[in-house]
2 protein chains.
Amino acid sequence: MRKTFLFLDTIVNKVDAKGRVSLPADYRAIVKETASEIVCYRSFNSPCIEGCLETMLDKLADEMDSNLDFFSETQDEISNLLFGDSKRYPFDSTGRIMLSEKLLKHAGITDTAVFVGKGRKFQIWNPQNWEKEEERIRAAVLKNRPSIKKSENDR
Amino acid sequence: MRKTFLFLDTIVNKVDAKGRVSLPADYRAIVKETASEIVCYRSFNSPCIEGCLETMLDKLADEMDSNLDFFSETQDEISNLLFGDSKRYPFDSTGRIMLSEKLLKHAGITDTAVFVGKGRKFQIWNPQNWEKEEERIRAAVLKNRPSIKKSENDR
DNA sequence: TTGATTCCCATAAAATCCCATGTTATACCA
DNA sequence: TGGTATAACATGGGATTTTATGGGAATCAA
């Protein structure tokens, strides 16, 4: 199908009165190669929205078909929840999507959204929550890899 | 792509008023074989910018979703930070990239940048900081290997 | 009809392209 | 070998395009 693609970077965009948000241009460029819509669902682990290409879910479905034995029952159940929760979000000619109330509520997003690249997928956060989350992850990394020092120039 | 490639040498270039820097020609030659952009992120260990080919991150992403761990929150936390912090930096027809404020701040770079080859990746430093860092590394090496003596001809 | 979604146009700021120039490195030739 | 012509590179500045974002009109659903 295609070459490599990666959702990268952290981008802050506004959510306007109608509930529209610009999908970051870089993300759009990736999506456009195969479609004009992304798939979003509520993250199971965090108060944020997750987004990916439909092909990702398709791959998941394939894996479930062919590897039934290797998947735990709970994994299966989670997958099914995922399909039920996911929805396509097409973007208009100016590159905006309109997130559902359900998603916005789950992530606590009102007027500003932060897009965070996660490689094959991405997340959408409330700015304050993301700040805390990033802090948490950094702390976890430092704890597990004491050799890494915090830079003086940051913050 | 070539089987082997190495970012080598240390090159000093100017950062202009718009925040543009020429990617050293040697580096560009390497990148051009597969792409017209590099990926940069804030070094975890030092006050500098790190750059590499997108293929590097792509490999990481492959590893991450090959453990069928679509839902896990225990995915390597460094990767998690890495994708969110990384960004593509395409270079224009004259070979320049435009580094983000975030990166420049992290590295304390204003009007001059030093590119330092690190093999599969490279770093970008503030000149003064790099000087100190190089000094530090040299000292550390000498300390660990007392048999190596500083040459009188150096400096 | 009413509320919501989609489409279209407008705009300011930022990113990118393109041309020009000085400088350095490389090739070439007598 | 020395010296010059040529090409490659780094850099500056202006023009052009892309992006994010706001708002109105058109379309749709209940």
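Below, chains carry the letters A, B, ... as their sequence lines are ordered, and counting in each starts from 1.
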Legend entry - Closest contact, heavy atoms only, Ser86(B) versus Val39(B): CB-CG1, 3.7 Å

Legend entry - Short side-chain to backbone donor-acceptor contact, Asn13(A) and Ala113(A), under 3.5 Å: no

Legend entry - Protein-nucleotide distance (Asn13(A), atom CG; dT18(D), atom P), rounded to Å: 18 Å

Inset, instruction - Return the value, rounded to whole Å, for the distance between atom CG of Asp9(A) and atom P of dA15(C). - result: 11 Å

Inset, instruction - Give one of base, sugar-phosphate or nothing for Ile11(B), where a contact means two heavy atoms less than 4.0 Å apart. - result: nothing

Legend entry - Atom-to-atom span, NZ of Lys32(A) to P of dT18(D) - whole angstrom: 10 Å

Please write out the pairs of protein N or O atoms and N or O atoms of nucleotides 16-27 of chain C separated by less than 3.5 Å, giving the distance to one decimal.
residue: dC17(C); atom: N4; partner: Arg20(B); partner atom: NH1; Å: 3.2

Inset, instruction - Round to a whole Å and report the spacing from CD1 of Ile97(A) to P of dT6(C). - result: 12 Å

Legend entry - d(CZ, Phe115(B); C1', dC9(D)) in whole Å: 14 Å

Legend entry - Flag, side chain of Thr10(A) to backbone of Gly84(B), donor-acceptor distance under 3.5 Å: yes

Legend entry - d(OH, Tyr27(B); C1', dA10(D)) in whole Å: 16 Å

Inset, instruction - Check the distance between dA20(D)'s P and Asp111(A)'s CG and give it to me in whole angstrom. - result: 17 Å

Inset, instruction - Check whether more than 12 heavy atoms from other residues, nucleotides or ligands sit under 6.0 Å from atom NZ of Lys118(B), and answer yes or no. - result: yes

Inset, instruction - Can you tell me the distance, in whole Å, between the CG atom of Asp16(B) and the C1' atom of dA15(C)? - result: 13 Å

Inset, instruction - Compute the centroid of each ring, for Phe83(B) and then for Phe7(A), and state whether the two points are separated by less than 6.0 Å. - result: no

Inset, instruction - Might you point out which heavy atoms bring Ser46(A) and His106(A) nearest each other, and give the distance in Å? - result: O-NE2, 3.2 Å

